[in-house]
Number of protein chains: 2
Amino acid sequence: MNIDETDKKILKELQKDARKSYRKIAEQTDISEGTAYNRIKKMQQNKIIQGYTPDIDYQKLGYDLTTIIGITGEGSQLQDLEQEIAENPHVTAVYDVTGQYDAITIAKFQNRKQLNQFIKQILKRKDVKKTYTMLTLNTIKEKHQIKL
Amino acid sequence: MNIDETDKKILKELQKDARKSYRKIAEQTDISEGTAYNRIKKMQQNKIIQGYTPDIDYQKLGYDLTTIIGITGEGSQLQDLEQEIAENPHVTAVYDVTGQYDAITIAKFQNRKQLNQFIKQILKRKDVKKTYTMLTLNTIKEKHQIKL
DNA sequence: AATGAAACCGTGGGCTG
DNA sequence: CAGCCCACGGTTTCATT
């Protein structure tokens, strides 16, 4: 599917506020509301828009510990492990990476005990050689959008 | 502000679909729609809900290069730099961290040239000693939610 | 926290270029 | 075919209780 300038404008409006009404999106992109509706629907069908997420301040909910964990594997395949990690409720991201580590995961915890359990769970696996945990001292930015 | 079980249920519904109507949220949490509306408004005022973001497949928009970059500083303060990085349109996250690096940033690019420019911009600064760039080969998960 | 009423909006059909 | 316009039922919003 090809995205044109109108689609981009629509996405930008949604980035500003994903709960914005079709009508307002239409006004701000100089199209009719039916068109806004149809284009958004199409982008959802094409999985360009995969859903809508509330930006929650997890710190206010007690998740004070954000961690970035590098994982070094033993041997070849980490896919199973990555899948398992991805399903853990504390995890927000899992990447296969080049360089120093084989995988990087980002996870949020309410306390060190939860973090500990998580790391132990990873280290239990035979395909994991070691992990390296970085604690975030301060989150300067964490908004899962890039400028279009 | 204190979050009770009802608020949590509301947040869970929004996590499933942040465009869900107040009415449906109310139905699924066994409260009236006015209550759903009032509670969500309160959580917005208290900045527990900071906004709503569309989950966009940036790869489909040409952003094929997701990078995790570790930054090592020279001397003391990296705050200015971090602020500057956070404002770059390619950047989705910036963290101050313990350990091997002083800061970690996550950024998405359409090509290596964009990445290169970004790294050069960082390295130009006197307060930066070095950077370490990890390219993601595969994104297993990147959903900026944790299970409540 | 619930009610209810007015304003606002989503959704689909039919029309137009 | 994509976009526009319209209409109706559904939804948001907020003052009131």
Side-chain angles (χ1 to χ4, degrees), chain A residues 1-63 143-148, chain B residues 1-64 110 143-148:
Chain A
M1 185 201 176
N2 248 21
I3 290 296
D4 66 11
E5 279 310 308
T6 303
D7 291 322
K8 256 194 193 172
K9 275 197 220 162
I10 292 171
L11 290 175
K12 279 185 198 174
E13 289 306 317
L14 285 173
Q15 282 185 330
K16 285 184 207 158
D17 176 8
R19 272 185 86 85
K20 191 171 282 187
S21 69
Y22 294 116
R23 206 155 287 190
K24 282 198 183 126
I25 292 166
E27 277 169 29
Q28 273 145 350
T29 51
D30 299 309
I31 54 178
S32 74
E33 67 191 79
T35 303
Y37 175 76
N38 286 327
R39 281 179 176 252
I40 288 172
K41 208 171 177 191
K42 196 157 46 155
M43 287 194 278
Q44 284 170 343
Q45 278 160 3
N46 291 320
K47 304 276 165 69
I48 286 167
I49 299 173
Q50 301 177 320
Y52 304 94
T53 303
D55 303 333
I56 295 172
D57 186 337
Y58 288 103
Q59 248 177 275
K60 291 212 171 78
L61 301 185
Y63 291 85
K143 189 169 175 55
H144 303 292
Q145 285 185 188
I146 55 179
K147 210 184 153 211
L148 291 180
Chain B
M1 185 203 179
N2 247 21
I3 290 295
D4 66 11
E5 280 310 308
T6 303
D7 292 322
K8 258 197 193 170
K9 276 197 219 162
I10 291 171
L11 290 176
K12 280 185 197 173
E13 289 305 316
L14 286 173
Q15 283 186 329
K16 286 185 205 158
D17 176 8
R19 274 185 85 85
K20 191 171 280 186
S21 70
Y22 294 115
R23 193 164 290 191
K24 284 203 181 119
I25 292 166
E27 278 170 27
Q28 274 145 351
T29 52
D30 300 308
I31 53 178
S32 74
E33 73 192 64
T35 303
Y37 173 79
N38 286 329
R39 280 174 178 256
I40 287 172
K41 204 166 181 202
K42 194 155 51 147
M43 288 194 278
Q44 285 170 344
Q45 279 161 2
N46 291 321
K47 302 277 164 69
I48 287 166
I49 297 173
Q50 301 176 322
Y52 304 94
T53 303
D55 303 333
I56 294 173
D57 186 339
Y58 288 103
Q59 250 179 271
K60 291 211 172 76
L61 300 185
Y63 291 85
D64 276 320
Q110 289 175 305
K143 187 167 175 59
H144 302 291
Q145 284 185 187
I146 55 179
K147 210 182 152 212
L148 292 178

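Relative to the side chain of R19(B), the nucleotides dA2(C), dT11(D), dG10(C) differ in distance, and dG10(C) lies closest. Considering only side-chain atoms of T35(B), the nucleotide from dA1(C), dG10(C), dG3(D) that sits closest is dA1(C). Nearest to the side chain of Y22(B), among dT12(D), dT11(C), dC4(D), sits dT12(D). Picking from dT11(D), dG3(D), dC9(C) the nucleotide with the shortest atom distance to the side chain of R39(A) gives dG3(D). For S32(A), counting side-chain heavy atoms from C-beta on, the closest listed nucleotide (dT12(D), dC5(D), dG12(C)) is dC5(D).
OP1 or OP2 of dG12(C) lies within a sub-4.0 Å distance of a side-chain N or O belonging to K41(A).
If you measure from atom OH of Y37(B) to atom P of dA15(D), you get 9 Å, rounded to the nearest angstrom. One interatomic measurement links the two molecules: CD1 of I31(A) to C1' of dC1(D), which rounds to 16 Å at whole-angstrom precision. Distance N46(A) CG to dA2(D) C1': 15 Å, rounded to the nearest Å. For K24(B) and dG9(D), the NZ to C1' distance is 13 Å, given to the nearest whole Å. For the pair Q28(A) CD and dC9(C) C1', the computed distance is 15 Å after rounding to whole Å. The separation between E33(B) atom CD and dT3(C) atom C1' is 10 Å, rounded to whole Å. Taking atom NZ of residue K42(B) and atom C1' of nucleotide dT13(D), one finds them 17 Å apart after rounding to whole Å. The distance from atom CD1 of I40(A) to atom C1' of dG10(C) is 11 Å, rounded to the nearest whole Å.
Residue L11(A) holds its CG atom at 4.5 Å from CD1 of I56(B), rounded to the nearest 0.5 Å. Here I10(B) contributes atom CD1 and I48(B) contributes atom CD1; the two are 11.0 Å apart, rounded to the nearest 0.5 Å. Within the model, atoms CG of D7(B) and CG of L61(A) stand 9.5 Å from one another, a figure rounded to the nearest 0.5 Å.
Two residues, N38(A) and E27(A), neighbour DNA chain C, and the one matched to the more 5' nucleotide by heavy-atom proximity is E27(A). Each of A36(A) and G34(B) lies near DNA chain D, and the nucleotide nearest A36(A) is the one positioned closer to the 5' end.
R23(B) contributes no side-chain N or O that forms a donor-acceptor pair with the base of dG10(D) under 3.5 Å.
Using a 4.0 Å heavy-atom criterion, one finds that K20(A) contacts no nucleic acid atom at all.
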K16(A) vs E13(A), salt bridge (charged side-chain N to carboxylate O under 4.0 Å, His left out): CA-CA, chis, key distance, verdict: CA-CA 5 Å; K16(A) 285 184 207 158; E13(A) 289 306 317; 3.0 Å; yes

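Using the six-membered ring where Trp is involved, Y22(A) and Y37(A) have ring planes that are perpendicular, over 60° apart on the 30 and 60° scheme.
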